[in-house]
**Q** 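Provided herewith is a single structure, encoded as structure tokens, for subsequent inquiry.
Every chain is numbered from 1 and lettered A, B, ... according to where its sequence line falls, protein lines coming before strand lines. Reckoned from all heavy atoms, side chains included, excluding hydrogens, waters and symmetry mates.
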Amino acid sequence: MGDNYLAKESQPDGMRGSSGTREMPHSEMNGSSNRRQEQHVVVAECRDGLLRQVSLEAIAAARGCMADGDKLAVLLLCGDGAEASAAAEQLARRAPDEVIAIDHPVLGRYAPDTHLAAVLAAAKALAPEARWWWLGHTAIGRDLAPRLAARLGAGQVSDALAAARGGDGRIELARALHAGKALERRAFLPGDTAIVTVRPNNFAPAEPIAGAAAPIRRVPFDPPPSRIFVRDVVRRASGTVDLAEARIIVAGGRGVKSAAGFAPLAELAALLGGAVGASRGACDAGYCDYALQIGQTGKTVTPDLYIACGISGAVQHLAGMSRSRVIVAINKDPEAPIFGVADYGIVGDLFEVVPAFIAELSGEY
Amino acid sequence: MNIAVLIKSVVATDESVTVSGGEIEDTEAKRVINPYDEYGLEEALRWKESFGGTVTVIGAGADRAAEALRTALAMGADEALLIRVDERSVDEHATAKLIASAISQRRFEVAWAGHMSVDNGAGQVAIRVAELLGWPHAGAVVACELTDDGKLLVTRDAEGDSEDWELTLPAMLTAQQGLNEPRYPALAGIMKAKRKPLTELTPELLGVDLAGEEASPRTERLGCETPPARPAGRKLAGTAKEQAAELLGLLRGEAQALKGRG
Ligand SMILES: Cc1cc2nc3c(=O)[nH]c(=O)nc-3n(C[C@H](O)[C@H](O)[C@H](O)COP(=O)(O)OP(=O)(O)OC[C@H]3O[C@@H](n4cnc5c(N)ncnc54)[C@H](O)[C@@H]3O)c2cc1C
Ligand SMILES: Nc1ncnc2c1ncn2[C@@H]1O[C@H](COP(=O)(O)O)[C@@H](O)[C@H]1O
């Protein structure tokens, strides 16, 4: 494979639109011949048998930071063979060097002990030794990464919004502090093992690389006895689109007034191929499940389009959604703070505006 | 049951944060116990009330960390350990080394911490501590129960799914919103807290060398800044139908937010 994808993806493609983070300086790749080649590993994830979008984004983040001569392997942990092969092939077209697949029934359900052991089994199979680990900042990634970091004595940068090579050749990560009220840039100390989790929807997913697919290597795995027994997993999130990864979110607040009031929002979300979200006000009032809560103590989302209906826009809510690319606010109160972050504001009754918008949308098709 | 609870002092979420000269300004903004840590503390206090034992709160930081620990004592914790350190000189790795060392000097059956700290938002320290202690952990716990044969049954939140795990003690648990409704410190509690022990520890006393190979920070902050403000938006006028039609045009047109969808 040529290194043209490096040149292309070293653009800070993760920094989106007007709401994006600062542009970090990124120089040409550090190609000096005495530099040691470094091994990057992306830990990919499946959900319901499908490769997660955030895993492709993590590959893009890693590819954008690689220097000449660096290697990138993608690690896929799966619970059954069928899933592994479909996802592994998708990854093989995007991983420059190899895909490592570990396939074992215990990996079908996440538990820190077994997943960590599988990652360490993969680490052993890698040469040179992995220097960079990239994971999605997902339920699994945010749980597994710190355990891996502590085991390896490594640094970790959590929930990265952007990644790029700085002028001195070091990889710099941008991340939010105080739920987005400030941004920081962090770097690892030279030579140390480094772990990064990337926030979903902030990097453009990796495109396939022209040429032959990378080889898929199956690494045998003998799970250790786990101190954790997973008794049950219950799907609570409604809808088919994962909130953290959704490109469009229709969110409701206390202004939606009841659980039934969420119906038009769900209809609009379905029409747009998006997901339904909520403010804490709506969750506290029992209109919807806490799984849908967006904000400081809920999920942080960065969709292309966020439509806030009957949400006042408290700072704790803004913390979870104000980096969305386009924000629409529908609220009866012209003074509602949500209008301060909205690109398009509609002062009005959501029970009139949402159905009118649905009618416009369906009229067009 | 002897329980450790990690407590971090954070700027309250409704306070503003300002950046100047590449660093976050150190202001007199109102501070609170990290909300997630508060859920963990509440759960620990309820366990103590049901099963007996002690609750020891542990914090790494300076005077503000001590204040948060005092508040925790006022809520009902028995004892506090303050690891005195300049928080700006440590990262999650170094902080976890300090806290793990403090925990390992005593006998605890369980530790509670927060799912993440609302200022740093990393979600690392508690899970790192579990690994350093060789304990299992369950993250983002929303319900928890102790069985008669000494096992923990937890329900955890995993991006909207809910997972039921069984785990052995000792264990680290991190609290997610929904676990409980934390109590307020009562006036009597505040008075009593003044007489409860707050022991100061230092990295040296804990045998942690923050400049050495083992525990020194692995990452460094290069700088901070304020995120760019969003440009002022536009309000749409007219009837609901007119507003809806204009919105659709804008989303399809200049905003390019409905590309290939509909
Ligand atoms: C530590 C902490 C953490 C928190 N974390 C979160 C969090 O993660 N997420 C979160 O969302 N909140 C969080 N909050 C709560 C937050 O402060 C607000 O209380 C909450 O966001 C308010 O929800 P709301 O906007 O739905 O309700 P409200 O503030 O009551 O607003 C309802 C809005 O609906 C409008 N409205 C009413 N009827 C209509 C109608 N028919 N059509 C159009 N508009 C209408 C009203 O004008 C009003 O603006 C947190 C608070 C604290 C202290
Ligand atoms: N300085 C600290 N003192 C005590 N506990 C801490 C400290 N930093 C982090 N923690 C604990 O670790 C959790 C996760 O923190 P963080 O990794 O910063 O998101 C917090 O909710 C606390 O319970």
**Q** Kindly confirm or rule out a cation-pi arrangement of Lys235(B) over Tyr344(A), judged by NZ or CZ under 6.0 Å from the six-membered ring centre and within 45° of its axis?
**A**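 No - Lys235(B) does not lie over the ring of Tyr344(A) by the 6.0 Å and 45° rule.
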**Q** What's the spacing between Asn120(B) CG and Arg175(A) CZ if we round to 0.5 Å?
**A**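 Asn120(B) atom CG to Arg175(A) atom CZ measures 5.0 Å (nearest 0.5 Å).
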**Q** Can you tell which part of Leu152(B) gets under 4.5 Å to a heavy atom of chain A, answering side chain, backbone, both or neither?
**A**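 No part of it gets close to chain A.
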**Q** Answer yes or no: does atom CD of Glu214(B) have more than 12 heavy-atom neighbours from other residues, nucleotides or ligands under 6.0 Å?
**A**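 Atom CD in Glu214(B) is not packed in, count stays at 12 or less.
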**Q** Rounded to the nearest 0.5 Å, what's the gap from OH on Tyr36(B) to CD on Gln296(A)? Could you check?
**A**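 Spacing of OH (Tyr36(B)) from CD (Gln296(A)) equals 7.0 Å.
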**Q** What residues of residues 347-355 of chain A sit under 4.5 Å from chain B when only non-hydrogen atoms are counted?
**A**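 So the qualifying residues are Val347(A), Glu352(A), Val353(A).
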**Q** Would Arg52(A) and Glu159(B) pass as an ion pair if we require N to O under 4.0 Å?
**A**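 Looking at Arg52(A) and Glu159(B), the cut-off is met.
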**Q** Rounded to the nearest 0.5 Å, how far does CG of Leu248(B) lie from CD1 of Ile358(A)?
**A**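 Reported value, rounded in 0.5 Å steps: 12.0 Å.
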**Q** Quick check for you: to the nearest 0.5 Å, what is the distance between Leu189(A) atom CG and Arg218(B) atom CZ?
**A**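 Nearest 0.5 Å value for the CG-CZ distance: 8.0 Å.
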**Q** Of the backbone (N, CA, C, O) and the side chain (C-beta and beyond), which part of Ala126(B) lies under 4.5 Å from a heavy atom of chain A, both, or neither?
**A**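 Contact with chain A is absent: no heavy atom of Ala126(B) under 4.5 Å.
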**Q** Could you tell me which portion of Gln124(B) (side chain, backbone, both or neither) has an atom closer than 4.5 angstrom to a non-hydrogen atom of chain A?
**A**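 Contact with chain A is through both the backbone and side chain of Gln124(B).
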**Q** Check each atom of His115(B) against the heavy atoms of chain A and say whether the ones under 4.5 Å are side chain, backbone, both or neither.
**A**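 His115(B) touches chain A through side-chain heavy atoms alone.
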**Q** Could you list which of residues 190-197 of chain A have a heavy atom closer than 4.5 Å to any heavy atom of chain B, in residue-number order?
**A**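 Residues in range: Asp192(A).
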**Q** Sort Glu242(B) into side chain, backbone, both or neither according to what part of it lies under 4.5 angstrom from a heavy atom of chain A.
**A**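 Contact with chain A involves no heavy atom of Glu242(B) at all.
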**Q** What's the separation between atom OG1 in Thr226(B) and atom CG in Leu183(A), rounded to the nearest 0.5 Å?
**A**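 With rounding to 0.5 Å, OG1 (Thr226(B)) is 8.0 Å from CG (Leu183(A)).
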**Q** By a 4.5 Å heavy-atom criterion (distance strictly below it), what part of Val19(B) contacts chain A: side chain, backbone, both, or neither?
**A**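 Only the side chain of Val19(B) comes within 4.5 Å of chain A.
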